[in-house]
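Everything on this sheet refers to the single structure shown next.
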Amino acid sequence: MPMKIGNQPFWERVETNLHNQFMRGAVAGMQDRGYERRIGVTKELGNWEEWRSLGEEIRQHTLENLDYYLMQLSENVAKRGGHVFFAKTAEEANNYIRNVAMQKKAKKIVKSKSMVTEEINLNPVLEAIGCEVIETDLGEYILQIDDHDPPSHIVGPALHKNKEQIRDVFRRKLGYQKSEKPEELALHARKMLRHEYLTADIGITGCNFAIAESGSITLVTNEGNADLVTSLPKTQITVMGMERIVPTFEEMEVLVSMLTRSAVGQKLTSYITVLTGPRDEGDADGPEEFHLVIVDNGRSTILGTEFQPVLQCIRCAACVNVCPVYRHIGGHSYGSIYSGPIGAVLSPLLGGYDDYKELPYASSLCAACTEVCPVKIPLHELLLKHRQVIVEREGKAPVAEKLAMKAFRLGTSSPFLYQFGSKVASNALAPFTNDDRISKGPGPLKAWTESREFPAPNKERFRDWFRKHQKGGDKR
């Protein structure tokens, strides 16, 4: 599944999801519950702001020295018998992984949850050469068997589905006969997937953090599926964005602690797994062959720019979990696998403004996302920078907006036109005014007044009121 999901225009996606009452309820419930859990576990650490500053410092230091740490990581992976491939583009990453699968004559591949493999659209590439690719994260597994429904949340990809819908998918696709109880649904998925682990030729994972000093990768999960993906198949491939790296175990421990608290409100998730290369002689399990694919895919062009702070992201989705816009429109409205505030900043950088120029405007700029980010990414400021780039550098502002701004500039730069416009505004908008409120405005006001009332201009201008009371010697 590619980074871009669907071809509907942005406003059509928004309109559709605004009427999806279940999805909106599920998102609101998740945000409310998540807020309480996160507040509780962050308080336990003491001064959370000091931890945030430390997380920011670690991520900024790593990005400023990224070339050094990537080289150190590559050398240490190779020392342990692993293979490292630097992929400049999504195509290069996919070709490398496809070639490994062909060399191994792989027929079945199991995957743990990985946003970067979604981003590069890996699954169809492997399916095109005859591989059966099976998602093993429960949420991703549900979406895959439901006709490849796209994810709607970075951490909880199937958030938009309820247990009755999942039961119906299991009945339709897996021959499931039991109830919608989550325990029974999970047990059935577990039984179905256990056979897949045992018969897979290759296991593919993402990477939460790679550790440069040892050549290790860290996986943070709550299901344990990633452990089976890395333990049972003979060949393991890990795919990571080039920025998902830390210098040492010490920094990894800090960021993992902040990730789990920010993402799901837990001190630690059920499984935090650190793997270093292929298995050694005498090891009971682990892959015989290990490949690390480090993906650029536009990230290097962000380095050194005003948008570099977005690469500090540790994919906790804390910003998504507090965003009032996401709360109402859900993840699919963003048209990208990266949704919420982080998606509104990252998607235009990786996918271009042609597809994602609306996303920086899908924000109230309340700065809740910035305040909650565990590594202090100034998300609302980056959204404003995108808006500036879209208008000033890219020239991609809507035609109606350009005309409106030109008209506004013309009107406000001429005293005569400004005075004339302020005099006729009340009468011109009278057909749309009821009780001094505009409920169905014309032209540019239409979008403002479809879901809210807009104040109508006063019949008497402030300038006229002021002059009248000056002449009358008003003593108030």
Side-chain angles (χ1 to χ4, degrees), residues 69-86 96-114 116-117 126 131-137 190-191 193-240 244-257 259-260 268-294:
Y69 289 119
L70 285 173
M71 184 56 64
Q72 185 183 25
L73 173 69
S74 174
E75 291 174 348
N76 285 325
V77 170
K79 285 178 184 177
R80 296 300 299 265
H83 306 273
V84 181
F85 180 75
F86 287 88
Y96 180 86
I97 298 168
R98 178 180 60 191
N99 289 338
V100 171
M102 293 174 66
Q103 290 169 8
K104 299 298 176 183
K105 296 182 172 58
K107 296 300 181 184
K108 182 180 292 185
I109 297 173
V110 287
K111 285 179 70 227
S112 66
K113 186 175 179 295
S114 165
V116 72
T117 60
L126 296 174
C131 294
E132 181 185 8
V133 183
I134 299 147
E135 298 287 351
T136 64
D137 172 84
R190 180 182 181 184
K191 289 178 179 177
L193 286 170
R194 186 54 58 97
H195 173 73
E196 311 294 2
Y197 294 123
L198 295 170
T199 56
D201 303 296
I202 294 176
I204 297 179
T205 76
C207 173
N208 289 99
F209 302 105
I211 303 166
E213 72 167 353
S214 63
S216 307
I217 64 161
T218 308
L219 301 173
V220 181
T221 68
N222 258 324
E223 297 175 21
N225 60 306
D227 288 14
L228 292 172
V229 167
T230 59
S231 298
L232 298 178
K234 292 184 177 181
T235 302
Q236 179 193 344
I237 303 173
T238 292
V239 189
M240 62 171 276
R244 306 303 299 278
I245 188 172
V246 291
T248 70
F249 275 89
E250 185 177 0
E251 288 83 16
M252 182 272 285
E253 290 172 354
V254 171
L255 292 179
V256 164
S257 180
L259 168 65
T260 56
L268 292 174
T269 49
S270 301
Y271 300 89
I272 297 173
T273 306
V274 179
L275 304 165
T276 309
R279 68 183 180 189
D280 292 327
E281 187 176 347
D283 286 349
D285 55 28
E288 297 176 0
E289 188 170 312
F290 174 75
H291 298 261
L292 177 63
V293 180
I294 302 173

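Residues take their numbers from the sequence shown, with the count starting at 1.
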Q. Do Asn222 and Ser270 have a side chain donor and acceptor closer than 3.5 Å?
A. yes
Q: Quick one: closest heavy-atom pair of Pro287 and Gly277, and the distance?
A: CG-O, 4.5 Å
Q: Go through the steps to decide whether Val229 and Ile204 satisfy the test side chain to side chain contact (heavy atoms under 4.5 Å, CB included), and finish with yes or no.
A: CA-CA 7 Å; Val229 167; Ile204 297 179; 5.7 Å; no
(Q) Any side-chain to backbone donor/acceptor pair from Thr218 onto Phe209? Under 3.5 Å, distance only. (A) yes
Q) So, for Asp285 and Ser231, which heavy atoms are closest and what is the spacing to 0.1 Å? A) CB-O, 3.9 Å
Q.
Would you compute the distance between atom CZ of Phe249 and atom CD1 of Ile211 and round it to the nearest 0.5 angstrom?
A. 4.0 Å
Q. How far apart are the closest heavy atoms of Pro233 and Val110, and which atoms are they?
A. CG-CG2, 4.0 Å
Q) Between atom OG of Ser74 and atom NZ of Lys79, what is the distance when rounded to the nearest 0.5 Å? A) 10.5 Å
Q. If we only count heavy atoms from C-beta on, is the Asn225 to Ser112 side-chain gap below 4.5 Å?
A. yes
Q. Hey, does Phe86 have a side-chain heavy atom less than 4.5 Å from the side chain of Leu70?
A. yes
Q: Can you see which heavy atom on Ala212 is nearest to which on Tyr69, and at what distance?
A: CB-O, 3.6 Å
(Q) Tyr197: which residues meet the ring-ring contact (aromatic ring centres under 6.0 Å, His included) condition with it, sequence neighbours left out? (A) none
(Q) Taking His195's backbone N and O only, do any of them form a donor-acceptor pair with Thr199's side chain (distance below 3.5 Å, no angle check)? (A) yes
Q.
Could you check whether Thr205 and Thr238, counting side-chain N and O atoms only, form a donor-acceptor pair closer than 3.5 Å?
A. yes
Q) For Asp280, does its backbone N or O pair with a side-chain atom of Asp283 as donor and acceptor, under 3.5 Å? A) yes
Q) Which pairs, with at least one residue in residues 193-202 and sequence neighbours excluded, count as a salt bridge (Lys or Arg N to Asp or Glu O under 4.0 Å)? A) Lys108-Glu196
Q) Going through the checks in order, is the side chain to side chain contact (heavy atoms under 4.5 Å, CB included) test met by Phe290 and Thr276? A) CA-CA 9 Å; Phe290 174 75; Thr276 309; over 6 Å; no
Q) Going from NE2 on His291 to CD on Glu289, what distance comes out if it is rounded to the nearest 0.5 angstrom? A) 3.5 Å
Q: Give a yes or no on whether a salt bridge exists between Asp137 and Lys111, defined as a side-chain N under 4.0 angstrom from a carboxylate O.
A: no
Q | Sidechain-backbone polar pair: Gln103 side chain, Val100 backbone, donor-acceptor under 3.5 Å | A | no
**Q.** side chain to side chain contact (heavy atoms under 4.5 Å, CB included) between Thr269 and Thr221, worked out
**A.** CA-CA 6 Å; Thr269 49; Thr221 68; 6.0 Å; no
(Q) Please list all pairs meeting salt bridge (Lys or Arg N to Asp or Glu O under 4.0 Å) that have one or both residues in residues 210-233, counting only residues at least two apart or in different chains. (A) none
**Q.** Gap separating the NZ atom of Lys107 from the CD1 atom of Ile202, nearest 0.5 angstrom
**A.** 11.5 Å
(Q) I'd like to know if the side chain of Thr260 reaches the main chain of Ser257, judged simply by a donor and an acceptor atom lying under 3.5 Å from each other, with no hydrogens or angles considered. (A) yes
Q | Side-chain heavy-atom pair Leu259, Val220 within 4.5 angstrom cut-off | A | yes
Q) Counting distance only, does the side-chain N/O of Asn76 pair as donor-acceptor with the main-chain N or O of Gln72 below 3.5 Å? A) yes
Q) Is there a side-chain contact between Lys104 and Lys234, using heavy atoms and a 4.5 Å cut-off? A) no
Q: Give me the one residue out of Ile217, Val116, Asn208, Leu292 that meets side chain to side chain contact (heavy atoms under 4.5 Å, CB included) with Met240.
A: Leu292
Q: Using a 4.5 Å cut-off on heavy atoms from C-beta on, say whether the side chain of Leu275 contacts that of Leu219.
A: yes
Q: Calculate, to the nearest 0.5 Å, the distance between atoms CD and CD1 belonging to Glu135 and Ile109 respectively.
A: 11.0 Å
Q. With a 4.5 Å limit on heavy-atom distance, are the side chains of Ile97 and Phe85 in contact?
A. no
Q.
With rounding to the nearest 0.5 angstrom, report the CD to CZ distance, Glu288 to Arg279.
A. 5.0 Å
Q.
Please give me the minimum heavy-atom distance between Ser216 and Leu73, naming the atom from each residue.
A. O-CD1, 4.3 Å
